[in-house]
Structures are given as structure tokens and as C-alpha cells.
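In what follows, chains carry the letters A, B, and so on, assigned in the order in which the sequence lines appear, proteins first and then strands, with residues in each chain numbered from 1.
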Protein chains: 2
Amino acid sequence: MATGRTHRPATRSRGIPEATVARLPLYLRALTALSERSVPTVSSEELAAAAGVNSAKLRKDFSYLGSYGTRGVGYDVEYLVYQISRELGLTQDWPVAIVGIGNLGAALANYGGFASRGFRVAALIDADPAMAGTPVAGIPVQHTDDLDRIISDNGVSIGVITTPPGAAQQVCDRLVAAGVTSILNFAPTVLSVPDGVDVRKVDLSIELQILAFHEQRKAGEEAAADGTAAPAADEPAPPVRATPTNRKGPEGDMPAVMPA
Amino acid sequence: MATGRTHRPATRSRGIPEATVARLPLYLRALTALSERSVPTVSSEELAAAAGVNSAKLRKDFSYLGSYGTRGVGYDVEYLVYQISRELGLTQDWPVAIVGIGNLGAALANYGGFASRGFRVAALIDADPAMAGTPVAGIPVQHTDDLDRIISDNGVSIGVITTPPGAAQQVCDRLVAAGVTSILNFAPTVLSVPDGVDVRKVDLSIELQILAFHEQRKAGEEAAADGTAAPAADEPAPPVRATPTNRKGPEGDMPAVMPA
DNA sequence: CTATCTTTGTGCACGCGTTCACAAAGACAT
DNA sequence: ATGTCTTTGTGAACGCGTGCACAAAGATAG
């Protein structure tokens, strides 16, 4: 999953822990599903199961919002949907701009989950002049030169970056200069932003690498359980240390450096 | 960011904390960039800056892998690239299957970051018979009916789900039954999997909602700093409680329920 | 060989997040 | 009205992650 806000060192926003905020959308989704099935009330146990979390955690999370439950009964679904929506700021309209209309940018523009919940794709921006005017998902692509004006005119405060990594920081700087204060970054780059600007990153490559780590570990454990000798790759750090004059891996030659 | 592993409750894998594992890909990326510029060594301070983290944290992270640095000098870039790659399991080939070739699935198939770093798109799978045979990113799409065989034949252990939410759990079950033990889920659904299977989720909608929360909060603080009266949406929980017979928001009528 | 200087590796303390376990609160039946 | 039963809300304990601050290690110069 994409993780980690940058800057603003874990300040509790209005007393609501960051971890709780990250789970509210999950609860909201489960509650919306219940609401569509016209379920009037739900217990913490049921809702927690639907959201895939511990029921105690869910109750504690809700306790930060206020006392919205009824003991012996549970939570009123409609009321809770409204309260969480309000808390997350989804009762207002959020115009969003997507910068970098390649495969991913176009896919996001077409993504249905965007339009619902108060988020509206207000503008698509790309650096390629040939794309200017071409409609993507029914919205004409505009050129980067007009970025500043586009952001201002539409009152965009949330920007989505889907550019190649090399362009990400520059685009980010321009977005921030134009007034954007929240950025969702899909480019595999560490963005640096001034205080007061929130950045969240979604990084496919990182997610896969984390999965690979656990996958390798599972394979190693399995082999150990089979009584097979553990693979060399799973052994502790080798005694041979690399020095500037001795650059070799423990098992001989160093493999070719992998591309980014 | 996509966040949160499901199941397997925070077990320290071979002594390496989960939080550290999640940062290793970040370090690896920064190190690879240095390697391409032929930088021989790097200090924890420099590398930490490039990766966007605290230098003490970076040193502690590396200490879990072993003592790979040289006091007074820093870390050997090439050696560290190799060690982290090995630790993450990137020295081997990981065939990946993408299920659900819509806008997003196609975008991922075309994504360059996939191919590098040992991950290889081994198969594209979709439920639409009309798509079968159509090449996407140079790889012919295969039908869901053959999912089991495709996974087995290619030795796929990592699956990527980019289906509509309604199909995600079913696809997940089939993947797991076929032998997949790691899943990257882009569908906005809580997947339930048996023990031993890792799930990571990437959820655009959740990321946006978290950003909206902080955005709303920033707007509220700003207004308060201006001496303006705080907006009603930012005030503490209202005294009026909703009961099954009194379903109203604190400010009057309940807004229409939002779509999922 | 000794002294100095740089940078790592880590002991320690602190704070956040999670979980347990239970008292309090309300619904509901009698 | 009283008692029972269900479910919430939360106090308290625990564990993980973070960051400070410093001792130990090694490089480098004289």
C-alpha cells in the first residue's frame, strides 16, 4: 500500500490520531455498503469484520469522533456515514488536477472511484504539446504552461502527480507555487515540499519489493521446515566485508547493477 | 500510499522490523541513483537526505542487516545495493500475473518500473472473452478460465488484482487456490485470505480521503487564525444524538448518502 | 606510533498505537 | 420498577518505532 505522510511530524490533528484517520475511509466504505442494503444499525463487531479490523480498535477509533453508538444496540448506519463523511471533509467538493497524462494518468482520469465521494477531476495537465486539446475521459488535456492559471481558476488544492520520475519534483514545485497544499504522488521519487503541504505516495515498485521480501522469507522457512539446507541467500551476514579496495559479494562476483 | 499488510500480525521476519523492510526499497532506489553516477561511498547523512528519512533511523535500519558501513567513511554503494537487493529477494526472478485488464491493469502492464528489479509480467488475465488473445504491452491477454493453469505453468507466486471490486474476492480465492501467496490489491475491497498469504493494498480513494481530511483541517486552522468564526463542520460533536427514531445530522437534514 | 577527526552502531528513553478486559449505559422483557 | 442481557466506551498495560546522544571504530595525518 502507499504509505507515509511526509513532513508535519505526526501531529495529532484535532486529537484524532493519524492511524485512525487512515482507517476512517475503510469504515466509511463498509458503512456505505450497509446503507445501500438498508441496514439500520450495526455492531462494532460486525462492522469491524467488514472493514477487516479488530472491534476494539474500531470502537476506540470512533470514540475519537464522539459517542455515536448506543450501548446494547450498536451504531446507526446513516448517522455514522454522515459523521465520518463530515469528519473526512467529504461533504464538500474537492477539485483535483492530474498532471502527467500517460497510461497511468489516463487510467486514473477514467477511474470511477474518483468522481464519487466529493472528488472531481477538474483538470488534466501534460507537458506534451501534441496532447493539448485531446479529450481523455471526456476532459480536454491542457498544457503545462498554463498550470498556474488552471490551478487558480479551478480552486484546486489537491494535485495528483503521474509524470515520469524526472519531472515529478519540478511539477510538484509548480503545483505548490500555484497553491496546491496536498499532493498524491505516483512517481517513484522522494518529493520535498515546504511545511504545510501534505504528500502521500503510491509506489507500485515499493509494494512489490515488500511482497518479494516476505515471499522469499516464506520460501526460506518452507525449505528449512523440509529439512533442506537453507539457501545461501538466507544466511547471516558474511564475515567478508567489502572495502573500497575489495568490492565483491560474499559469494564471489558482484552481479550487474540493476536498473531503476 | 498503499498501506497495511493483512494477517500475519506484525511478526518480525528474521529480526527485521516491518517498518525497516518498508524503507529498504527507498534506500535501494537512492543507492541505485548514486551507483549510476559512479559514487563509490556515501555517508548515512547523505543517503538519508536522498531517501527523505532521518539519518539515525537509516543507520538503525542498516544495523538490522549487519555491519555494512565503515566508520569515518560511510557505506560502500555497490556493496550495499547488492546486500539490500539480496535481502529483499530481488536477486531472483519474480513472475507476476495481473488479473483484470481494464484501464488500470493495462497501465500497470505498460509500466516500466515493473520489468526492472526482477519483476516480470508473466501473464495478463481477464474475464472478458472478447479480450482473449489481444496483446497488451506485447503480452496476449488470457481468459480467466485458464487462471489455474496459467499460474502453475509460470510459477507465479505474486498476483496483482485490478478487477472491479465485485470480482476481487473471487479472483483472490482462485489465485490463492492456484498457489499465489502474495497479492497486491488495487480493488477497493477488503480481501480475506488464509494464513500464510500476504496482501497489500493500493487504494487511491483512501489516499485522497486522507488528504481531504488534512486539507479540511488546514482550511479550518487558517480560518481560525484569521479570527473568522470556525466553520460548523469543525466544531466538536453535537449534543444532539441520533437514535433510530431521530435520524438527523446536527445541522438539520441529513445529506443524501454518497455512492461508493 | 600517537593524536585527531569523522562517521558508524547502539543503548536508552519517549510516544504512539494496539489490545485486553471491564464498568457503565441503555434496551428489553417481565 | 426491577432485573437481565447486550454492546459500547475507555482505563491500563504492553510493544513497536523513533530519535537522541554518545562511545567505539577506523581513517588519516604528522
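B:K201 contributes no side-chain N or O that, together with a main-chain N or O of B:L184, makes up a donor-acceptor pair within less than 3.5 Å. A donor-acceptor pair under 3.5 Å is formed between the side chain of A:W94 and the backbone N or O of A:G89. Side-chain atoms of B:E36 do not come within 3.5 Å of backbone N or O of B:A33 as any donor-acceptor pair.
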Practice item. Please test A:T70 against A:Y75 for side-chain contact (heavy atoms from CB on, under 4.5 Å), starting from the C-alpha separation and ending with a verdict. Key: CA-CA 6 Å; A:T70 305; A:Y75 299 91; over 6 Å; no
Practice item. Would you sort out whether B:C172 and B:I183 count as a side-chain contact (heavy atoms from CB on, under 4.5 Å), showing the intermediate values? Key: CA-CA 8 Å; B:C172 173; B:I183 290 177; 3.6 Å; yes
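Between B:E45 and A:T20, the residue anchored closer to the 5' end of DNA chain C is B:E45, taking for each the nucleotide with the nearest heavy atom.
For the OP1/OP2 pair of C:dT8 and a distance below 4.0 Å, the side-chain nitrogens and oxygens of B:S44 include at least one atom meeting the criterion.
Remark: A:N185 pairs with no residue by the side-chain hydrogen bond (donor to acceptor under 3.5 Å, both in side chains) rule, at least two apart or across chains.
Using a 4.0 Å heavy-atom cutoff across all strands shown, B:Y75 reaches sugar-phosphate atoms only and no base atom.
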I'd like a table of atom pairs between the protein and nucleotides 11-13 of chain C - only N or O on both sides, under 3.5 Å - with the distance next to each one.
| from | atom 1 | to | atom 2 | distance (Å) |
| --- | --- | --- | --- | --- |
| C:dG11 | O6 | B:K60 | NZ | 3.2 |
| C:dC12 | N4 | B:K60 | NZ | 3.2 |

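Residue B:R59 places its side chain closer to C:dG9 than to any other of C:dG9, D:dT7, D:dG17. Among the nucleotides C:dC20, D:dG17, D:dG9, the one closest to any side-chain atom of A:S67 is D:dG9. Checking C:dA21, C:dT8, D:dT7 against the side-chain heavy atoms of B:R71 singles out C:dT8 as nearest.
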